[in-house]
Amino acid sequence: MNKKKEVLTIPRSDRRILSNIPDPENIRSLVNRRGASYQTEEIDPTDVNEIYRLQLLSLRYETNFEVQIKRARKKITNEKHFAEDISVTGILIYSLSPNNLLMDEIIKMNFTIPGGAMPEGYESKINLKAKVVRSFTKEVDGEVRYYYACEFLEPLNHYMTKKRWGLSIFVASLFLLIVSLIVMLMRAESVIYFRFNKFLYLYSIIAATFLLSRYLFGVFYRNVPINPNYEPGVSIIIPVFNEEEWIHRTILSCINQYYPVDKLEVIVVDDYSTDRTEEKAKEMIELIHSEGGRFKTEDRLSFHKLPQNGGKREALVAGVHLAKHDLVVFVDSDSFLEPHAIRNLVQPFQDPQMGGVAGRTEVENKFTNALTKLQTVRYYIAFRIMKAAESWFDTVTCLSGPLACYRKELILKNETAWLNQKFLGQPATFGDDRSMTNYILKTHRTGYQDNAVCSTIVPSESKVFLSQQMRWKRSWLRESLRAFLFMWKKEPFMFLFFVIGLIVPIAAPIVVVYNLIYVPIMHGIFPTTFLMGLLLMAMLMSLAHLFFRRSKLWAFGFIFVLFYEFILLWQMPVAWVTFWKSTWGTRETPQDVIAKEKKLEKQKLRKSRFSILKNRKMGEKE
């Protein structure tokens with residue numbers, strides 16, 4: 001079966017693969033001339049987020065789309081032009097025939113940036129002027145191409161702010177306010193009619209209060225600011241199993257961090273992969289070592305392979321024992337860190353009671369298909385709103401696997417319990433992040449840093465996605481029951497919302513059946529109010545994404561809510577009665593192998609019984 005090709009934003013490769021590490025010899029700058037031209041004042045070397053913003057402005061992305069050109073006093077040229085790369089400041093185009101564009105000539109350009117060609121938010125029709133600054137020819141695949149490097153007279157980010165982004169923020173702000181007011185008015189109605197159906201209207205009031213509070217706290221969330229004098233030692237641990245396609249990118253993104261050379265190490269732990277993961281990882285490590293002499297990469301980047309497959313927790317713990325620093329960062333093998341992620345991620349640890357911190361996870365393959373697009377909106381709201389709201393109370397209930405930092409001593413303290421965790425006699429083989437978060441939360445605080453960003457590859461096929469969601473629901477139920485035993489000791493307001501957040505999803509299937517099936521059949525009433533509530537919930541999600549991301553993907557928030565209500569929601573009752581299961585369903589863990597062997601044994605037994613019955617009947621006939 002052919003694997004679906006993922007649509008990824010591809011930055012044009014830099015000749016320096018370690019371009020973000022602070023240069024101990026000060027040979028080169030982190031911001032090139034294109035990015036620096038946007039800075040009106042001197043760049044503060046400690047302002048990591050500003051440096052990264054300027055890097056993004058100068059970054060070029062590989063692409064391929066048609067560009068229409070109109071020269072002064074002339075019609076659109078007959079020759080077809082195609083973009084080979086694009087940045088905020090300019091574009092490189094080519095044609096297959098010479099059209100004699102002149103140096104410094106001002107031309108009008110019309111093109112549509114497709115989804116995935118540039119970061120989210122830039123997918124749009126563009127109509128602006130540019131100046132030809134360079135021309136050259138090059139032979140590609142046996143044909144001569146005529147190239148023209150053009151500089152936009154108005155940077156794309158300024159153009160987008162005037163044409164679309166500014167309007168997006170205004171519209172999203174206005175409608176977020178309107179939707180919030182409507183939700184509150186509908187809940188006032190629930191109070192009035194409460195005596196007619198106490199369960200239904202109580203659920204409605206609780207769910208609306210919970211949802212609005214999450215958005216309120218999320219909107220007013222702020223990152224812990226960067227202290228330039230706080231640079232604790234950090235060990236990044238990458239557990240990997242059969243991830244040959246992405247492991248090279250993960251390793252490079254982890255070592256290529258804007259962080260002091262002597263304060264950061266990366267440890268790759270291979271959980272006995274059976275594909276080419278080891279080969280791909282070692283190839284990247286050798287390449288990094290060949291160019292990382294002055295960055296001391298041979299002392300800071302290592303690969304270790306376990307003697308047998310023991311599961312993700314075994315790999316993580318093995319990495320922790322190898323780590324030499326007091327803070328350890330867990331990074332999934334298909335996740336890619338932004339260059340300033342680690343410096344942002346460690347800032348909350350200035351509080352000695354902070355035990356773990358989660359970063360924000362973006363979807364890397366967001367433009368692959370509709371499934372990845374709706375996950376893009378869901379991921380952003382889950383982190384930027386929900387985790388940000390929990391961070392107000394220093395009680396983030398899940399330090400997510402793609403990017404999370406812990407105090408090493410706390411991992412070692414809970415190592416045995418974590419490795420040997422069982423639930424109803426079954427080993428806990430997934431939900432590692434929620435499980436460790438619970439151990440940390442018993443004694444310490446947990447936080448969230450929105451500026452600590454990584455991106456991850458999400459499922460683009462329905463079967464894999466549904467298996468992942470079932471696994472997450474089972475781990476959520478299991479770990480929520482564990483957390484309930486100690487969460488009452490935390491901040492009272494947070495405990496109240498923890499309980500509500502536990503009740504609402506569990507009761508949701510019952511409420512949906514009652515409103516969409518029981519009421520229409522038994523009372524002949526169309527569920528207008530309930531459907532209006534779904535619409536408003538979808539609008540909150542979509543408009544929040546539009547407000548923060550200024551992206552055309554915001555509409556997929558509506559699709560996700562419908563997808564959740566009519567498909568994902570019904571996994572919850574299944575999870576109620578199967579949440580002790582330990583199989584992944586999407587990878588060959590030892591538990592999956594055992595489950596598969598049991599299934600084969602049952603099939604053999606059924607076939608054997610069928611064969612015996614068949615022979616017996618044939619004997620009776622004779």
Side-chain angles (χ1 to χ4, degrees), residues 16-31 43-52 55 223-239 250-269 284-285 288-289 291-304 316 318-331 335-359 399 402-412 447 449 451-454:
R16 308 163 302 176
I17 64 169
L18 302 177
S19 57
N20 296 301
I21 302 177
D23 191 346
E25 300 174 10
N26 295 317
I27 294 175
R28 47 99 174 132
S29 169
L30 286 171
V31 181
I43 300 172
D44 180 359
T46 66
D47 192 344
V48 178
N49 297 320
E50 176 63 11
I51 289 174
Y52 184 63
Q55 286 177 322
N223 287 279
V224 176
I226 288 177
N227 177 355
N229 298 316
Y230 183 70
E231 296 175 336
V234 178
S235 298
I236 300 177
I237 299 166
I238 309 171
T250 303
I251 293 172
L252 180 59
S253 75
C254 288
I255 195 68
N256 192 25
Q257 286 288 306
Y258 184 69
Y259 207 75
V261 167
D262 59 337
K263 297 289 184 69
L264 182 72
E265 68 170 344
V266 178
I267 302 168
V268 184
V269 182
M284 175 52 69
I285 290 172
I288 290 171
H289 288 339
E291 300 191 20
R294 69 174 185 270
F295 302 120
K296 303 177 183 178
T297 59
E298 291 194 359
D299 299 327
R300 303 192 298 119
L301 174 59
S302 57
F303 178 90
H304 304 269
L316 286 168
V320 172
H321 280 284
L322 293 168
K324 63 183 180 183
H325 295 301
D326 293 333
L327 293 181
V328 292
V329 174
F330 293 168
V331 176
S335 298
F336 321 120
L337 274 57
E338 290 189 353
H340 65 322
I342 296 300
R343 188 175 287 270
N344 277 287
L345 189 63
V346 302
Q347 296 308 310
F349 288 98
Q350 295 175 73
D351 175 0
Q353 279 300 306
M354 187 61 68
V357 177
L399 303 174
L403 177 60
C405 185
Y406 305 85
R407 293 192 187 275
K408 178 182 174 181
E409 61 184 288
L410 297 180
I411 300 292
L412 295 176
Q449 277 287 85
N451 278 343
V453 183
C454 77

*Partners passing side-chain hydrogen bond (donor to acceptor under 3.5 Å, both in side chains) against S235 (at least two apart in sequence or in another chain)*: E265
_Minimum heavy-atom distance V261-P22, with the two atoms named_ = CG2-O, 4.1 Å
*Heavy atoms only: give me the nearest N227-Q350 pair and the separation to one decimal.*
ND2-OE1, 3.1 Å
*Separation between CG of L410 and CE of M354, rounded to the nearest 0.5 Å*: 12.0 Å
*Residue pair P232 / F349, side-chain heavy-atom distance below 4.5 Å*: no
*Taking everything shown except D262 itself, do over 12 heavy atoms lie less than 6.0 Å from its CG?*
yes
_Nearest atoms (heavy-atom pairs only) where Q257 meets L337_ = NE2-CB, 3.5 Å
*Start with the C-alpha distance between L252 and L18, add both sets of side-chain angles, then the distance that settles side chain to side chain contact (heavy atoms under 4.5 Å, CB included), and finish with yes or no.*
CA-CA 8 Å; L252 180 59; L18 302 177; 4.0 Å; yes
_Check: S302 side chain, I267 main-chain N or O, donor-acceptor pair, under 3.5 Å_ = no
*Heavy-atom distance under 4.5 Å between the side chains of P228 and R343, does that happen here?*
no
*Is any side-chain heavy atom of C254 closer than 4.5 Å to a side-chain heavy atom of I238?*
yes
*Pair I236-I342, side chain to side chain contact (heavy atoms under 4.5 Å, CB included): steps then yes or no*: CA-CA 9 Å; I236 300 177; I342 296 300; 3.8 Å; yes
*Find out whether V346 and Y259 are in side-chain contact, i.e. whether some heavy atom of one side chain is under 4.5 Å from a heavy atom of the other.*
yes
*List the atom of V357, the atom of L399, and the distance in Å for their closest heavy-atom pair.*
C-CD2, 3.9 Å
*Measuring from R300:CZ to I21:CD1, what's the distance to the nearest 0.5 Å?*
5.0 Å
*asked:* Between Q347 and V224 (side chain of the first, backbone of the second, donor and acceptor by atom type, cut-off under 3.5 Å), is there such a pair?
replied: no
*Please lay out, stage by stage, how D326 and E409 fare under the test side chain to side chain contact (heavy atoms under 4.5 Å, CB included).*
CA-CA 7 Å; D326 293 333; E409 61 184 288; over 6 Å; no
_What I'd like to find out is whether the side chain of N256 reaches to under 4.5 Å of the side chain of I17, using heavy atoms alone._
no
*Results of side-chain hydrogen bond (donor to acceptor under 3.5 Å, both in side chains) for E291 - residues two or more places apart only*: none
*4.5 Å side-chain heavy-atom contact, Y406 and L327*: no
*Taking all heavy atoms of L316 and all of P239, pick out the closest pair and write down the distance.*
CD2-CG, 3.5 Å
